[in-house]
Visitor: 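Take this structure first; my questions come after.
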Amino acid sequence: MIKSKSNKETQKIAFNLAGDLIKDINLKKARVVLLKGNLGAGKTTFVIGFLKYFGIKPSGASPTFVIMKRYNISSKLKREDKEKLGFENVYHLDAYRLKSKEDLKDLDFDTIINNHKNIILIEWPEMIKGKKMTNVTSVEIDYGEKENEREIKIIKI
């Protein structure tokens, strides 16, 4: 369990996780990060810190209404760094409004998750029932005792 005392600390924890996760580039499918927590727990704050690792400053907040955003991380890198990184895109999926597996088909989720050059951050993963995923890291964020404190549990599955 990691304790965060502020949004900035939560973002730093996410930044560090991004650095750890990209070390294993020999994957056959996408790297997946499941973000669990109540409304306002800090899932989107965590995503912002994760994206900062790749030099991405997302516009707007969570993709609740557009459901998914794609960030091309390779466009920010030099050619030699792209080859070392091995990943090209980070997808941020907010599954809160998904109603069925048909919604995932509309997003072309199977293609995205089967591409080893993708990293997928999924808020509200419990809304995606029955979808088999590999290369998964679970991040559970809970409220702390004080207003901006958070308790973060990271589990590599």
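Every heavy atom of this structure was used, including side-chain atoms; hydrogens, water molecules and symmetry mates were not. Bear in mind the structure is a predicted one, so any value in this text is a computation, not a measurement.
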Visitor: Which value, rounded to the nearest 0.5 Å, describes the distance between I119 atom CD1 and I22 atom CD1?
Guide: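 These two atoms lie 7.0 Å from each other.
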
Visitor: If you take all heavy atoms of A14 and G49, which pair is closest and at what distance?
Guide: CB-C, 3.9 Å

Visitor: Less than 4.5 Å apart, any side-chain heavy atom of L39 and any of W124?
Guide: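 Yes. Closest side-chain heavy atoms under 4.5 Å.
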
Visitor: Has E147 got more than 12 heavy atoms of other residues, nucleotides or ligands less than 6.0 Å from its CD?
Guide: no

Visitor: Given side chains that start at C-beta, do those of V32 and I122 come closer than 4.5 Å, heavy atoms only?
Guide: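 V32 reaches I122 side chain to side chain.
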
Visitor: Less than 3.5 Å apart, any donor N or O on the side chain of K29 or N114 sitting next to an acceptor on the other?
Guide: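 Yes.
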
Visitor: Tell me whether Y143 is reachable from I152 by hopping between hydrophobic residues (I, L, V, M, F, W, Y) whose side-chain heavy atoms are closer than 4.5 Å.
Guide: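 In one cluster with I152: Y143, no.
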
Visitor: Could you give the distance from CG (D94) to CG (L121), rounded to the nearest 0.5 Å?
Guide: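 Here the interatomic distance stands at 11.5 Å.
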
Visitor: Taking the side chain as everything from C-beta on, heavy atoms only, tell me whether I56 gets closer than 4.5 Å to F50.
Guide: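 The answer is no; the side chains never approach within 4.5 Å.
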
Visitor: If the threshold is 4.0 Å, N to carboxylate O, is there a salt bridge linking K23 and D20?
Guide: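 A salt bridge links K23 with D20.
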
Visitor: May I have the step-by-step check of side-chain contact (heavy atoms from CB on, under 4.5 Å) for M133 and I157, ending in yes or no?
Guide: CA-CA 10 Å; M133 295 183 244; I157 301 172; over 6 Å; no

Visitor: Looking only at heavy atoms, what is the nearest atom pair of I120 and A30, with distance?
Guide: CD1-CB, 3.8 Å

Visitor: Could you walk me through whether K153 and I141 satisfy the side-chain contact (heavy atoms from CB on, under 4.5 Å) test, starting with their C-alpha distance in whole Å, then the side-chain angles of each, then the deciding distance to 0.1 Å, before giving a yes or no?
Guide: CA-CA 7 Å; K153 189 189 314 185; I141 305 173; over 6 Å; no

Visitor: Please find the pair of heavy atoms, one from E9 and one from S4, that lie closest to each other, and give the distance.
Guide: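 It is CB-OG, 3.4 Å.
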
Visitor: Are the side chains of F46 and V139 in contact, using a 4.5 Å heavy-atom criterion?
Guide: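 They are in side-chain contact.
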
Visitor: Do side-chain atoms of N72 reach the backbone of N89 as a donor and acceptor pair under 3.5 angstrom?
Guide: no

Visitor: Closest approach of F15 and Y53, non-hydrogen atoms and distance?
Guide: CE1-CA, 3.2 Å

Visitor: Roughly how far, to the nearest 0.5 Å, is the CD1 atom of I73 from the NZ atom of K117?
Guide: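 Between K117 NZ and I73 CD1, I get 10.5 Å after rounding to 0.5 Å.
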
Visitor: Under a 4.5 Å cut-off applied to non-hydrogen side-chain atoms, are L93 and L107 in contact?
Guide: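 A side-chain contact under 4.5 Å exists here.
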
Visitor: Is it true that E149 and K5 make a salt bridge, defined as a side-chain N closer than 4.0 Å to a carboxylate O?
Guide: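 Looking at E149 and K5, the cut-off is not met.
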
Visitor: Using only atom types and a distance under 3.5 Å, with no angle test, would you say the side chain of D142 pairs donor to acceptor with the backbone of E151?
Guide: no

Visitor: Got a second to check how far S138's OG is from I155's CD1, nearest 0.5 Å?
Guide: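 Spacing of OG (S138) from CD1 (I155) equals 5.0 Å.
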
Visitor: If you round to the nearest 0.5 Å, how far is CG of L51 from NZ of K69?
Guide: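 K69 NZ to L51 CG: 9.5 Å, rounded to 0.5 Å.
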
Visitor: When you measure from the side chain of K3 to the backbone of R150, do you find a donor-acceptor pair of N or O atoms at a distance under 3.5 Å?
Guide: no

Visitor: Starting at CE of M127, measure out to CZ of R97 and round the result to the nearest 0.5 Å.
Guide: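 These two atoms lie 11.0 Å from each other.
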
Visitor: Consider only side-chain N and O atoms of Q11 and T45, and report whether a donor and an acceptor are under 3.5 Å apart.
Guide: no

Visitor: Is there a side-chain contact between L34 and T137 in this structure, where contact means two heavy atoms from C-beta onward sitting under 4.5 Å apart?
Guide: no

Visitor: Looking at every non-hydrogen atom in both residues, tell me the closest pair between E123 and V47 and how far apart they are.
Guide: OE2-CG2, 4.3 Å

Visitor: So, T111 versus D108: side-chain donor-acceptor pair below 3.5 Å or not?
Guide: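 Yes - a donor-acceptor pair under 3.5 Å links their side chains.
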
Visitor: What I'd like to find out is whether the side chain of N118 reaches to under 4.5 Å of the side chain of F87, using heavy atoms alone.
Guide: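 Answer no - side chains too far apart.
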
Visitor: Compare all side-chain heavy atoms of E140 with those of L35 and state whether any distance is below 4.5 angstrom.
Guide: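 They are not in contact (no side-chain heavy atoms under 4.5 Å apart), so the answer is no.
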
Visitor: Where do K36 and P125 come nearest, in terms of heavy atoms and distance?
Guide: CG-CG, 3.8 Å

